[in-house]
Amino acid sequence: MFLSSCISHPPISPKISHFGQQSNLHRNVEVDKRFTSALKTRATDQPSQQARIGAGLLGEWSFARGTRFVIRPKVSTFIPFRKSFEVQASWLATSQIASSMFTLGTAAVLPFYTLMVFAPKAELTKKTMESGVPFIVLGLLYAYLLYLSWTPDTIRLMFASKYLLPELSGMAKMFSSEMTLASAWIHLLAVDLFAARQVFHDGLQNQIETRHSVSLCLLFCPIGIVTHFVTKALADTAAADRHRMH
């Protein structure tokens, strides 16, 4: 029984086993060569895919595992564009803030001018214009925009001359920034409203018409102040003439 088993199943020779391993190794190498050749041929036929294969596909061969390919994403491709994108996003955010603050400040002062022009003797107008809240709000808004627009060159542009006085060219360069221009607009709105309130109160105290002067203070504040003094002078003259006539 043992003899028949040996005849039926002859032992495997070490040479044959070694030859089988060599045959498998030779076959793996041939397959790897053919696949590598196919990749090169495809990369040559389609140049647009050659960069993707070289950047993300890495071939690796070992005796135990055979051929293995590892796909690695190439993250560095987007790095050169990241900085420019952040700068552009920052510029857009700054521009939007300047535009929003410009519109908000303009809309905030219009109700006060409306009350002084269309209802100068109303109690609501008198109480509203006695409050300092609108000037505090405008002052805080101006301080915020000034902080955003401030740069290391601001002082140098404001006092560009050798006598430490402002120069027109330096001021023009400084106000070329939207944020600086928006802060200057809020500054003008606050000062103009304060001047209009003074004109309004002076008119109530001396019983002088101030609606035209207040309206001019909204857009042309110095002219509005001048017209108020002219109106006041004319009113005093007319009052003096009436007193002489009586």
Side-chain angles (χ1 to χ4, degrees), residues 98-147 149 154 157-159 161 163-246:
S99 178
S100 300
M101 294 299 102
F102 181 90
T103 304
L104 179 62
T106 304
V109 300
L110 290 179
F112 302 103
Y113 284 97
T114 302
L115 289 175
M116 287 187 290
V117 172
F118 293 99
K121 296 182 180 181
E123 292 297 327
L124 176 62
T125 304
K126 295 177 182 179
K127 292 181 179 180
T128 301
M129 298 315 300
E130 289 176 357
S131 174
V133 173
F135 303 100
I136 295 175
V137 173
L138 290 174
L140 293 176
L141 185 60
Y142 169 73
Y144 174 67
L145 292 176
L146 182 64
Y147 167 75
S149 63
T154 300
L157 293 175
M158 290 178 63
F159 307 101
S161 68
Y163 301 106
L164 297 180
L165 295 175
E167 288 186 350
L168 183 60
S169 59
M171 299 300 292
K173 187 175 181 180
M174 184 176 66
F175 284 109
S176 62
S177 169
E178 289 187 353
M179 190 65 70
T180 305
L181 189 60
S183 66
W185 179 250
I186 299 300
H187 178 278
L188 291 176
L189 289 177
V191 174
D192 293 352
L193 182 61
F194 187 83
R197 187 181 74 162
Q198 293 301 112
V199 169
F200 173 75
H201 285 160
D202 189 65
L204 290 178
Q205 183 178 357
N206 295 282
Q207 298 181 352
I208 301 172
E209 180 62 48
T210 60
R211 287 179 289 185
H212 61 294
S213 300
V214 169
S215 300
L216 289 173
C217 285
L218 175 60
L219 298 176
F220 314 102
C221 186
I223 298 177
I225 295 174
V226 171
T227 57
H228 174 66
F229 281 111
V230 171
T231 303
K232 187 176 181 179
L234 294 176
D236 291 342
T237 302
D241 293 339
R242 286 195 300 268
H243 181 73
R244 284 197 301 269
M245 291 177 63
H246 292 286

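Numbers here simply count residues along the sequence, with the first being 1.
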K.L.:
Using modelled atom types and a 3.5 Å cut-off, is there a donor and acceptor pairing between side-chain atoms of T103 and backbone atoms of S99?
P.N.:
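Pair found, side chain donor or acceptor close to backbone of S99.
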K.L.:
What's the shortest heavy-atom distance between M171 and M158, and which atoms?
P.N.:
SD-CA, 4.1 Å
K.L.:
Would you check, one step at a time, whether the test side chain to side chain contact (heavy atoms under 4.5 Å, CB included) holds for L193 with M116?
P.N.:
CA-CA 11 Å; L193 182 61; M116 287 187 290; 4.2 Å; yes
K.L.:
If a pair satisfies salt bridge (Lys or Arg N to Asp or Glu O under 4.0 Å) and one of its residues is in residues 206-221, list it, with sequence neighbours excluded.
P.N.:
E209-R211
K.L.:
Can you confirm whether F194 is buried at CZ, in the sense that more than 12 heavy atoms of other residues, nucleotides or ligands lie under 6.0 Å from that atom?
P.N.:
no
K.L.:
Supply the atom-to-atom distance D236 CG to D241 CG, rounded to the nearest 0.5 angstrom.
P.N.:
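One finds 11.0 Å between CG of D236 and CG of D241.
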K.L.:
Out of the candidates V214, T125, T128, L218, only one should pair with F112 under the side chain to side chain contact (heavy atoms under 4.5 Å, CB included) rule; please name it.
P.N.:
T128
K.L.:
Would you say that W185 contacts T106 through its side chain, given a criterion of any heavy-atom pair below 4.5 Å between the two side chains?
P.N.:
yes
K.L.:
Write down the atom of G224, the atom of T227, and the distance for their closest heavy-atom approach.
P.N.:
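Of all heavy-atom pairs spanning G224 and T227, the closest is O-OG1, 2.7 Å.
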K.L.:
For R242, what residues pass the salt bridge (charged side-chain N to carboxylate O under 4.0 Å, His left out) criterion, not counting sequence neighbours?
P.N.:
none
K.L.:
How close do G203 and T210 get, heavy atom to heavy atom, and via which atoms?
P.N.:
CA-CG2, 3.4 Å
K.L.:
I'd like to know whether CZ of F229 has more than 12 heavy-atom contacts from other residues, nucleotides or ligands below 6.0 angstrom.
P.N.:
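Counting other residues, nucleotides and ligands, CZ of F229 stays at 12 neighbours or fewer.
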K.L.:
Using the rule given for side chain to side chain contact (heavy atoms under 4.5 Å, CB included), can you reason through L145 versus F102, listing the C-alpha separation, both sets of side-chain angles and the distance that settles it, and then say yes or no?
P.N.:
CA-CA 10 Å; L145 292 176; F102 181 90; over 6 Å; no
K.L.:
With rounding to the nearest 0.5 angstrom, report the CG to CE distance, L124 to M129.
P.N.:
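With rounding to 0.5 Å, CG (L124) is 11.0 Å from CE (M129).
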K.L.:
Which atoms form the tightest heavy-atom contact between C217 and I225, and what is the distance?
P.N.:
SG-N, 4.2 Å
K.L.:
Looking only at non-hydrogen atoms, find the nearest pair between T231 and S213 and report the distance.
P.N.:
OG1-OG, 4.4 Å
K.L.:
Going from CG on N206 to NE2 on H228, what distance comes out if it is rounded to the nearest 0.5 angstrom?
P.N.:
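N206 CG to H228 NE2: 7.0 Å, rounded to 0.5 Å.
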K.L.:
More than 12 foreign heavy atoms under 6.0 Å from NE2 of H201: is that the case here?
P.N.:
yes
K.L.:
Using 0.5 Å steps for rounding, measure from the NE2 atom of H187 to the CG atom of D192.
P.N.:
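The distance works out to 9.5 Å.
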K.L.:
Any chance you could measure I186, atom CD1, to L181, atom CG, to the nearest 0.5 Å?
P.N.:
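It comes to 10.5 Å.
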K.L.:
Could you pull out all residues at least two apart from E167 that satisfy salt bridge (charged side-chain N to carboxylate O under 4.0 Å, His left out)?
P.N.:
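By the salt bridge (charged side-chain N to carboxylate O under 4.0 Å, His left out) rule, E167 matches no residue at all.
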K.L.:
Give the minimum heavy-atom separation between T154 and S149, together with the two atoms involved.
P.N.:
OG1-O, 4.2 Å
